[in-house]
Amino acid sequence: MLKILGCRGTNSVYGKGFNKYGSYTSSLISVHNDTAILLDMGTGVQSLSSEEINNIREYNIFFSHIHWDHLIGILGFKPIFHNNVKLNFYLSKNYNFSTLEEFLGNIYKPPFFPVSVEVFKAKLSFNILEERKKYIFNGSELTYIDGNHPNTSKIYKLNINGITYIYATDYEHSPSSDEELIAFAKGADFLIYDTTYLPEDYEGKMDGVSKRGWGHSTYVKGCEIAKKANVKNFVLFHHNPEYDDNILEKMHLMSLKKCPNSIIARDSMII
Ligand SMILES: [Zn+2]
Ligand SMILES: [Zn+2]
């Protein structure tokens with residue numbers, strides 16, 4: 001099983017009208033015994049319970065990419081300050097970080113943060129994501145392809161106990177990348193897909209600003225991909241912080257008409 005810790009895109013959002021689908025930005029976790037696979041570190045990581053944190057001794061952390069909404073949760077990630085915890089980071093070579101200090105030292109440093117990397121107690125390891133490698137943790141398998149997003153992104157395929165999840169957030173549809181995604185997602189159980197914009201918003205018909213080239217997609221495009229890839233469940237994800245519960249509910253209903261297997265992500269949902 002995979003738990004959605006956060007499914008909001010771009011920025012956390014709180015308050016009336018935003019309680020149903022949640023506030024936290026992108027993060028998903030799969031735990032087997034005391035080992036976790038963490039996909040992205042948005043503010044969703046803050047929703048891990050004390051019980052979960054006490055139980056997990058090893059985190060294997062992969063990023064779709066490191067735009068702030070997928071990384072900022074690291075600042076509130078308690079396990080990094082705990083003894084007897086291992087954090088294994090896997091980063092794309094595209095970022096040109098060659099050490100953990102280069103990566104985390106850029107985040108944990110004055111004047112952006114009051115303490116630096118020396119205060120960490122967890123055992124940390126830094127790994128460059130290897131191309132075409134199949135990562136295996138406690139029987140769960142993880143592979144990836146490149147996505148279509150500014151500054152690059154990765155799309156992951158995670159197989160947990162025979163259930164296949166495709167994590168395609170911060171992805172903008174395009175004929176060539178769609179073809180690759182369809183092939184990669186063929187027959188998957190879940191396609192977790194970037195549905196940041198309503199189609200009319202994407203086209204600029206809502207506020208006069210076209211979102212073409214901004215790196216995000218729509219439920220209509222996602223649904224087409226889900227159908228072509230013959231996936232069992234299409235999951236709407238990376239909710240626009242400007243879209244409240246009413247808009248998201250309507251989007252889900254419209255998606256259900258096109259893809260009856262549509263699910264809309266919310267914080268703490270287990271799929
Ligand atoms: Zn994002
Ligand atoms: Zn992004």
Side-chain angles (χ1 to χ4, degrees), residues 2-14 18 21-29 38-47 61-77 89-97 103 106-107 129 144-158 165-174 177-178 180-181 184 190-199 201-202 209-219 221-222 225 234-244 247-248 251 264-269 271:
L2 191 62
K3 185 176 179 187
I4 296 170
L5 299 172
C7 53
R8 191 64 63 172
T10 315
N11 209 350
S12 286
V13 64
Y14 301 90
F18 294 94
Y21 299 106
S23 318
Y24 294 120
T25 63
S26 306
S27 186
L28 300 106
I29 195 166
L38 193 57
L39 297 176
D40 282 338
M41 297 189 81
T43 58
V45 294
Q46 292 167 36
S47 71
I61 304 168
F62 294 81
F63 296 93
S64 60
H65 63 316
I66 53 172
H67 283 163
W68 284 119
D69 51 325
H70 301 258
L71 179 63
I72 196 86
I74 198 169
L75 296 177
F77 192 56
F89 291 92
Y90 294 84
L91 253 90
S92 163
K93 65 176 184 335
N94 298 339
Y95 304 126
N96 292 322
F97 295 127
F103 170 47
N106 272 307
I107 304 165
L129 208 49
Y144 73 89
I145 57 169
D146 289 329
N148 180 35
H149 193 63
N151 319 127
T152 74
S153 70
K154 304 291 180 208
I155 294 171
Y156 291 97
K157 183 191 290 184
L158 188 56
Y165 303 88
I166 305 293
Y167 180 47
T169 191
D170 294 62
Y171 172 78
E172 183 162 2
H173 50 276
S174 78
S177 62
D178 288 359
E180 275 179 60
L181 174 54
F184 189 60
F190 293 90
L191 170 63
I192 302 160
Y193 187 84
D194 183 327
T195 56
T196 300
Y197 298 116
L198 288 164
D201 198 1
Y202 179 79
V209 181
S210 165
K211 279 80 180 181
R212 222 171 258 273
W214 288 18
H216 301 287
S217 191
T218 68
Y219 75 89
K221 283 290 172 191
I225 290 167
F234 169 53
V235 186
L236 287 74
F237 187 87
H238 203 269
H239 304 324
N240 193 324
E242 291 178 15
Y243 293 180
D244 66 10
I247 297 176
L248 291 177
M251 188 197 281
I264 184 161
R266 28 183 179 81
D267 291 356
S268 299
M269 181 188 251
I271 54 174

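Read the numbers this way: they start at 1 and go in the same order the structure lists the ligands and their atoms.
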*Is the Zn ion (ligand 1) under 2.8 Å from any N, O or S atom of H238?*
yes
*Measure the spacing between OG1 of T196 and CG of L236 and express it to the nearest 0.5 Å.*
10.5 Å
*Which is the closest N/O/S atom of H67 when seen from the Zn ion (ligand 2)?*
ND1
*asked:* Would you say the Zn ion (ligand 1) has H70 as a near neighbour, meaning an N/O/S atom of that residue under 2.8 Å away?
replied: yes
*4.5 Å side-chain heavy-atom contact, L129 and K154*: yes
*Counting backbone and side-chain atoms alike, does H149 have an N/O/S atom under 2.8 Å from the Zn ion (ligand 2)?*
yes
*Taking only residues two or more places apart in sequence, or in another chain, which ones meet I247 in a side-chain contact (heavy atoms from CB on, under 4.5 Å)?*
L198, Y243, D244
*Report the C-alpha distance between H216 and H149 in whole Å, list the side-chain angles of each, state the deciding distance to 0.1 Å, and finish with yes or no for side-chain hydrogen bond (donor to acceptor under 3.5 Å, both in side chains).*
CA-CA 7 Å; H216 301 287; H149 193 63; 4.7 Å; no
*From D170, does some N, O or S atom reach closer than 2.8 Å to the Zn ion (ligand 2)?*
yes
*In sequence, state the C-alpha distance, the side-chain angles, and the governing distance for S26 and H238, and then conclude on side chain to side chain contact (heavy atoms under 4.5 Å, CB included).*
CA-CA 7 Å; S26 306; H238 203 269; 3.7 Å; yes
*Could you tell me whether any N, O or S atom belonging to D69 is less than 2.8 Å from the Zn ion (ligand 1)?*
yes
